[in-house]
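What follows is a short report on a single structure.
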Amino acid sequence: MDIRLTDEEEARIIEFRHDMHMHPELSHREFRTTGNIKAFLSSLEGIEILELPKKTTGVVARLAGGKPGCEIALRADIDAICQTEDNDLPWKSREEGIMHACGHDFHTAGLLGAAMILSRNRDAVPGTVDFLFQEAEETTDGAREMIDAGIFEVIHPAAFFGEHNRPEVPVGKVVCKNGALMAAKTNFVIRIFGRGGHGSMPHLCVDPIVASAAIVQSLQTIVSRNTDPLESVVLSVGSIHGGSIENLVVDKVEMTASIRALSIEARERAVRRMETVVSSTAEAYECRAEIEYREILPLTFNSEDMYRVAVRAAEAAVGSENVIDVPPTLASEDFSVFMEKVPSFFYWIGSGTPGETAYAWHQSRFKADDAGLKVAAEVMAAACFAFAER
Ligand code: NI
């Protein structure tokens, strides 16, 4: 078996990637993208597209290997974000205000590359390989949507592998992290209710703006005073809305906020403290508070067992000298939803061009170097063999 991507195969996924990059689609609307993925997969020997009980904008496909073994799933995400591309590329986004600024085009093309390698080597492939092209990672509800659509009625993987580009890591390197890789996240809305009236008679009103100012300040103490200094927690109020003109006391203020942490315990502690700070501070200012939870994501965490398998696969693809460790980030990733259900591993694939500024995920000048696609493909293909040999 040869897990190397051939030059022709590499050219095919680069071409696919450039076309996908020019035509980015937002979460839940990845129709063109999905059509092209299905067409590409259908051109490969031994790969069958699977139907889920309920429709989604993702794609699930299967390859039956020629050797006995278990079932393994490989996952890529496929959606873009609202961003205007500020790169001067021949294959720059053609869609106004939409861009593959997180490199999900890179992941999709990489997984198609893995599908080509595995299809060509299918007689040597142990067990079954499932290919999962997941919609709506950016809105972080795509993984749950696929589960609700019945993905686990159709596939029964013993392990999941996923990957993400990392512009700060140079092309050719693969990051294998043992433990927490990306943050658990809780997004929420805080509403503070007071009693409106004329600004000249504050004693007859209850001002939620003053209470909100105190809440924003007090929330800052959760990280500085209630969190173990050796833990990583971010608590941010991202927006605050209330009021219209200077001489009216308003009835209501609404804020959106987020808590991120690299451990579930630290996240839960911060959430409980946030609830107390919000309700008690509101009460101190004679207001009423309401908290609505909007988005809750698990931790992206690589277990030691899966780490060992993943390192072997990465070494097979790029050599042990190119398998590295870097600090985690407090960004989050909805692959973590699959991680809660099935033993899983999440890679970062180096996608930075040496000598160029590495613009981070979601920036208008974000780039992921095409040269990393070959690595992305080979690591995923190698993971199937490494898991079978564990
Ligand atoms: Ni992403």
Side-chain angles (χ1 to χ4, degrees), residues 17 20-21 23-30 33-34 37 56-59 74-85 87 93 95 98-112 114 131-146 160-169 171 174-175 177 180-185 187 234 258 260 262 295 297-302 326-339 344-352 358-370 372-373 375-377 379-380:
R17 192 256 170 133
M20 184 171 166
H21 192 89
H23 303 283
E25 293 176 302
L26 292 175
S27 312
H28 302 291
R29 296 183 222 162
E30 307 93 332
T33 304
T34 301
I37 292 168
T56 75
T57 44
V59 180
L74 307 177
R75 176 270 204 180
D77 43 13
I78 63 173
D79 55 330
I81 64 164
C82 292
Q83 175 61 279
T84 299
E85 180 155 21
N87 285 317
S93 172
E95 301 296 328
I98 307 179
M99 176 185 173
H100 271 296
C102 201
H104 296 185
D105 53 336
F106 180 99
H107 312 154
T108 302
L111 186 51
L112 289 173
F131 302 93
L132 184 58
F133 294 86
Q134 182 212 304
E135 75 276 17
E137 194 287 322
E138 294 295 352
T139 46
T140 66
D141 56 349
R144 287 195 181 103
E145 189 177 77
M146 284 201 133
F160 251 95
F161 291 90
E163 60 185 356
H164 205 289
N165 71 86
R166 193 77 214 262
E168 298 84 356
V169 174
V171 149
V174 174
V175 178
K177 183 128 205 102
L181 183 73
M182 299 177 81
K185 179 173 80 169
N187 286 356
V234 175
S258 181
R260 296 168 178 270
L262 285 180
E295 204 184 310
L297 269 188
L299 193 65
T300 303
F301 186 93
N302 292 323
V326 299
T329 108
L330 277 97
S332 52
E333 163 60 61
D334 89 341
F335 184 69
S336 57
V337 172
F338 295 126
M339 283 187 140
S344 303
F345 190 87
F346 201 64
Y347 287 103
W348 280 331
I349 306 292
S351 60
Y359 292 96
W361 297 322
H362 293 206
Q363 291 191 3
S364 62
R365 299 192 68 184
F366 166 87
K367 271 200 270 186
D369 196 315
D370 279 339
L373 288 176
V375 175
V379 166
M380 287 298 237

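Atoms within a ligand are numbered from 1 in the order they appear, just like the ligands themselves.
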Name the orientation class of the two ring planes belonging to His164 and His104 (parallel below 30°, tilted from 30 to 60°, perpendicular beyond 60°).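 Rings of His164 and His104: perpendicular, as their planes differ by over 60°.
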
Could you check Thr140, Leu181, Leu297 and say which one makes a side-chain contact (heavy atoms from CB on, under 4.5 Å) with Ser336?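 Exactly one candidate clears the test, Leu297.
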
Answer with yes or no whether the side chains of [Y] and [X] bring together a donor and an acceptor at under 3.5 Å.
X      : Y      : answer
Ser27  : Glu138 : no
Glu25  : Thr33  : yes
Glu333 : Thr300 : no

What protein atoms of element N, O or S are positioned under 2.8 Å from the Ni ion (ligand 1)?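 Short answer, with waters excluded from the count: Cys102 SG, His104 NE2, His164 NE2.
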
Any ion pair linking Asp77 and Arg75 (charged N to carboxylate O, less than 4.0 Å)?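 Looking at Arg75 and Asp77, the cut-off is met.
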
